[in-house]
There are 2 protein chains.
Amino acid sequence: MAQTRERLVEAARDLFLLKGYHATGIAQILKTSGANSGSLYHFFPTKEDLLLAVLTWYRDNIDEGLLQFVYARIDDPIERVFGVLDGYRQLLLILEFEYGCPIGNLALELSNSHPAARTLIRENFENWLAAIEANVVAAQDRLPLDTDPRALALFTLTVMEGAVMLAKTYRNLDPFDSAVAQLRSHYDRLLAEGTEWSSPRPLPEPTEHQDESIQHS
Amino acid sequence: MAQTRERLVEAARDLFLLKGYHATGIAQILKTSGANSGSLYHFFPTKEDLLLAVLTWYRDNIDEGLLQFVYARIDDPIERVFGVLDGYRQLLLILEFEYGCPIGNLALELSNSHPAARTLIRENFENWLAAIEANVVAAQDRLPLDTDPRALALFTLTVMEGAVMLAKTYRNLDPFDSAVAQLRSHYDRLLAEGTEWSSPRPLPEPTEHQDESIQHS
DNA sequence: GTCTATATATTGATAGAC
DNA sequence: GTCTATCAATATATAGAC
């Protein structure tokens, strides 16, 4: 049947999500999908080709799989951002923390060794960032004039990925909720400043450390 | 020799860091460490036992391996926090992004399937959090009275883990620097408020979304 | 505690009939 | 495009002499 390819991608997607790439065997993918070895290798010459198909699927399904589900019930752009984060929260709950961000998992497992996968992982992140950035831009009339939408979107993704990692490790939503609450307060402080130029960075207490290679905002 | 066990742990530690747990074979560990199969299984009945030894090593070496290196040249507690983050930045650079946080990598790869490892990963995070929290406490006289040191430390860890993931994926320090700069501005806003009680959360523009399950601060 | 040789299962991948 | 049978390589782990 023509949907064999699709079943294979779905099975691989779910197994990679739950167990990771290396820990998932071809045999399991065949069993889960109900396909045979010959069919799999007809569509995907190597296991890595199947991985790329999975990452392509995620990349092309961020809208229906994630955004539309949130946007359907929330209109305010800032609340949409936190609605997306809440989507990950729900998935952590539903799958009892045997989950994480599927892209994040594969990013840490494969970014070093699989360049083609890394490119697709980056494209996934780029799509996610573009969606969040669009929300920040839509709310820009309530944010300080010097707000950098891309940087704020990137910060949001950063916090989400870190928060999912900690929740998965603790098998508990507390670290996730705590981190998102801190992120919320970060947004709140920006909103509280309104459309004025952001106040200049205050001078910290004089300290005696010499070299400081962190770039400040 | 009595240091065979140590050489095995070091080799496994480095290989797990670069390639992950599943992608690292026993044969490679033997080759890298110069030990023989019999020696390895004398000390570690299973591969997972070796993994636990590696995680224990990290847990017991956070001081000498990370903190003291930073604290030796920085005294200010807030700058020590960002100095620790800068340590990860340097490692990303030195190892040309073929790196990440070793604990974070293993957290996403193994938290689901290896409960004993997950416990040690959590202990690693706890040690890291305690160190950062101690710095926040040390700077508490410059922070708002209602600052929660544990929550701020957790936020810092969250941002660090997410930032390392993105830098590794992009093979570029930009996302790391951007996220850390945002975190720095978060700290700066807290410092700017001084020791007063934090201003109450401002009311955002009224919006029409109904259910909002994110916990606000 | 260390050595070499090897067992056993599973891995990703292939062959060739249909 | 699908099927079964199977390959060669690698995986983790073991045996037993020293």
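In what follows, every chain begins at residue 1, and chains take the letters A, B, ... in the order their sequences are listed.
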Using a cut-off of strictly less than 4.0 Å, decide whether B:Tyr41 has a side-chain nitrogen or oxygen near OP1 or OP2 of D:dT14.
->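 Answer is no, no contact under 4.0 Å.
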
Return the value, rounded to whole Å, for the distance between atom [atom1] of [X] and atom [atom2] of [N].
X	N	atom1	atom2	result
A:Lys47	D:dT10	NZ	P	15 Å
B:Leu51	D:dA13	CG	C1'	17 Å
A:Glu48	C:dT11	CD	C1'	16 Å
A:Arg5	D:dT2	CZ	C1'	17 Å
B:His42	D:dC18	NE2	P	20 Å
A:Asp49	C:dA13	CG	C1'	12 Å
B:Leu40	C:dT4	CG	C1'	15 Å
B:His114	D:dT12	NE2	P	11 Å

Applying salt bridge (Lys or Arg N to Asp or Glu O under 4.0 Å) to A:Arg59 and not counting sequence neighbours gives A:Glu123

Partners passing salt bridge (Lys or Arg N to Asp or Glu O under 4.0 Å) against B:Glu126 (at least two apart in sequence or in another chain) =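 Here the qualifying residues are B:Arg150.
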
Specify whether A:His114 and A:Tyr21 have parallel, tilted or perpendicular ring planes, treating 30° as the upper limit for parallel and 60° as the lower limit for perpendicular.
->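 Plane angle over 60°, so perpendicular.
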
Using a heavy-atom distance cut-off of less than 4.0 Å, which residues of residues 21-39 of chain B contact DNA chain D?
-> B:Thr24, B:Gly25, B:Ile26, B:Ser37

Consider only side-chain N and O atoms of A:Ser185 and A:Asp188, and report whether a donor and an acceptor are under 3.5 Å apart.
-> no

Side-chain donor-acceptor pair present, A:Thr46, A:Tyr41, cut-off under 3.5 Å = no

A:Lys19 and B:Glu109 ion-paired at < 4.0 Å = no

If you check every side-chain atom of B:Phe43, which of D:dA13, C:dT2, C:dG12 has the closest atom?
-> C:dT2

